[in-house]
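This report refers to the structure that appears directly beneath it.
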Amino acid sequence: MKNKHTYYTPTGGLPPQSQLLSDRAIFTQAYAIIPKRVLTDIVTSYLPFWQKMRMWVIARPLSGFAETFSQYIVEVEPGGGSEKPELDDSAEAVLFVVAGEMELNIEGRRHTLQAGGYAYLPPKCQWTLTNNSEQTLKFHWIRKAYQYVDGLAAPEPFVTSDQDVAAVAMPDTDGVWQTTRFVEPSDMRHDMHVNIVTFQPGGVIPFDETHVMEHGLYVLEGKAVYHLNGEWVEVEAGDFMWLRAFCPQSCYAGGPGPFRYLLYKDVNRHMPFIRPQN
Ligand SMILES: NC(=O)N[C@H](N)C(=O)O
C-alpha cells in the first residue's frame, strides 16, 4: 500500500526546476511572446550586402500605421560584416552587443564594442561593421524611421556601453527597480529610447502601466512573470516580448539573480492624425 506522501514521476520525467512552466509562443492583439527556443530557430533571414551573417527578425511594423520599430538579432561570423549595412536613408538605429566583438566604423572613426556595447546611429550616418575576432558576434539591431522636426537637428551618433552609464533607481523602490538610460529624456532630438531595465529578485512594477509607447523587451538576464493585458506569462533570459501601444503591463521578478531587459520605446513626438477622406 502506498502512503499518501508517495510521489510519482510522470512519464517523460520531471522538468528541471530551472524550466519555465509556460514555455510557449503567444501572439495576441496586444502583445506577442517569442520564447528563446524559437527565437533563433529555423526562421533565419539574410540581408543584401552583408557577408557571413544571419539574423532573426523579432519585431516589425505590422499594421502599416501603428507600430514604429523593427528589431533583429544578428550573428556575424569571424571575417564577416558589411560595407553597406543600411539601405534606408530615413532609418536610425541602436546596436547592442550581447556576445563577441564588433568593429564599428562611424563616419571614419573606429570603435570596438564588446558585450554590453551600445551604438546610436542617426539617419544618413555612414557606418560599416566587421567581426575581426575569432568568435561569433551577436547583437541586437533596433531600427526606426526617424521623425524629423522643423528646427531640430537629428542627433549625433555615439558609442557607449552598459558599464559606462549609471543605472538610476526608480522613485520609492529602494533601488530594486533601476533604469539605465543611454539618452537624456529631455533631449528632444531623440524620438526613440533603448534603455536597460533591471529588477532585483522580488522587485515589481506594482501596477499595470498603460501607455501609448510601444515596447520591444529582450530579456538579457534572469526570470520573471510579466502581466500583459490581464494575462500572466513567464519569461526568462533570451525571451522577447513585443507590446503594442496601450498594452497593460506589470511584472514580478523571480530569483535568484537580477532580471534585466533591453527596452525599446518611442518617445517625444506628436501623434499622427487619421485624416478624413474627402
Ligand atoms: N515595461 C516597462 O519596463 N515599462 C517601462 N516602465 C517604461 O515604459 O519605460
Side-chain angles (χ1 to χ4, degrees), residues 20 22 26-36 39 58-59 66-71 92 94 96 98 116 118 120 140 142 144 147 162 165-255 257-271:
L20 295 181
S22 62
I26 304 173
F27 182 69
T28 73
Q29 288 295 321
Y31 70 91
I33 304 286
I34 312 181
K36 66 174 175 188
L39 204 59
I58 59 174
E67 300 89 5
T68 50
F69 76 110
S70 56
Q71 184 160 347
E92 62 182 328
V94 162
F96 182 77
V98 285
Y118 182 112
Y120 171 77
H140 283 257
I142 298 172
K144 177 183 175 305
Q147 279 183 271
D162 61 356
V165 179
V168 177
M170 298 298 280
D172 304 320
T173 63
D174 286 336
V176 295
W177 174 9
Q178 299 189 329
T179 305
T180 308
R181 293 197 174 88
F182 296 92
V183 163
E184 270 303 312
S186 59
D187 186 343
M188 290 300 119
R189 296 174 306 164
H190 285 275
D191 67 353
M192 74 169 181
H193 289 163
V194 179
N195 298 330
I196 292 178
V197 178
T198 306
F199 292 91
Q200 296 309 317
V204 294
I205 297 180
F207 58 95
D208 276 334
E209 293 182 10
T210 311
H211 50 61
V212 71
M213 296 91 172
E214 299 183 271
H215 283 325
L217 293 91
Y218 177 78
V219 184
L220 295 164
E221 194 181 335
K223 278 168 118 175
V225 278
Y226 233 99
H227 196 232
L228 297 172
N229 201 28
E231 288 151 359
W232 286 103
V233 288
E234 290 177 280
V235 289
E236 65 177 346
D239 292 344
F240 182 69
M241 289 172 265
W242 174 84
L243 276 55
R244 266 215 167 112
F246 298 109
C247 175
Q249 57 202 268
S250 53
C251 71
Y252 186 103
F259 172 57
R260 287 174 81 225
Y261 51 84
L262 191 67
L263 177 79
Y264 161 87
K265 66 196 285 188
D266 48 307
V267 294
N268 300 342
R269 290 294 182 271
H270 284 292
M271 295 298 113

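Counting starts at 1 for both ligands and their atoms, in listed order. Given the structure is predicted, the values throughout are model-derived calculations rather than measurements.
- Nearest non-hydrogen protein atom to atom 1 (N) of ligand 1 is Gln249 OE1, 2.7 Å.
- With a heavy-atom cut-off of 4.0 Å, Asn195 does not touch ligand 1 at all.
- What you find for Arg181 and Asn195 is that their closest heavy atoms are CA-OD1, 3.6 Å.
- When each atom of ligand 1 is checked for a heavy atom of His211 under 4.0 Å away, the hits are 8 (O).
- Val235 and Tyr226 make their closest contact through CG2-CD1, 4.4 Å (heavy atoms, listed as atom of the first residue, atom of the second, distance).
- Under a 4.0 Å criterion applied to the non-hydrogen atoms of Leu263, ligand 1 contributes the atoms 5 (C), 7 (C), 9 (O).
- Near Tyr261, meaning under 4.0 Å from any of its heavy atoms, are these atoms of ligand 1: 1 (N), 2 (C), 3 (O).
- Between Tyr264 and Phe69, the ring planes are parallel. Angles under 30° get that label, and only those over 60° would be called perpendicular.
- Residue contacts with ligand 1, taken as heavy atom pairs separated by less than 4.0 Å, involve Tyr226 solely via side-chain atoms from C-beta onward.
- The closest protein non-hydrogen atom to atom 5 (C) of ligand 1 is Glu209 OE1, 3.5 Å.
- In this structure, Phe246 CZ and Glu214 CD are separated by 11.0 Å, a value rounded to the nearest 0.5 Å.
- At a heavy-atom distance under 4.0 Å, only side-chain atoms of Lys265, from C-beta outward, approach ligand 1.
- Put simply, OH on Tyr218 and CG on Asp239 are 8.5 Å apart, with the number rounded to the nearest 0.5 Å.
- Checked against the 6.0 Å centroid criterion, the rings of Tyr118 and Tyr120 do not qualify as a close aromatic pair.
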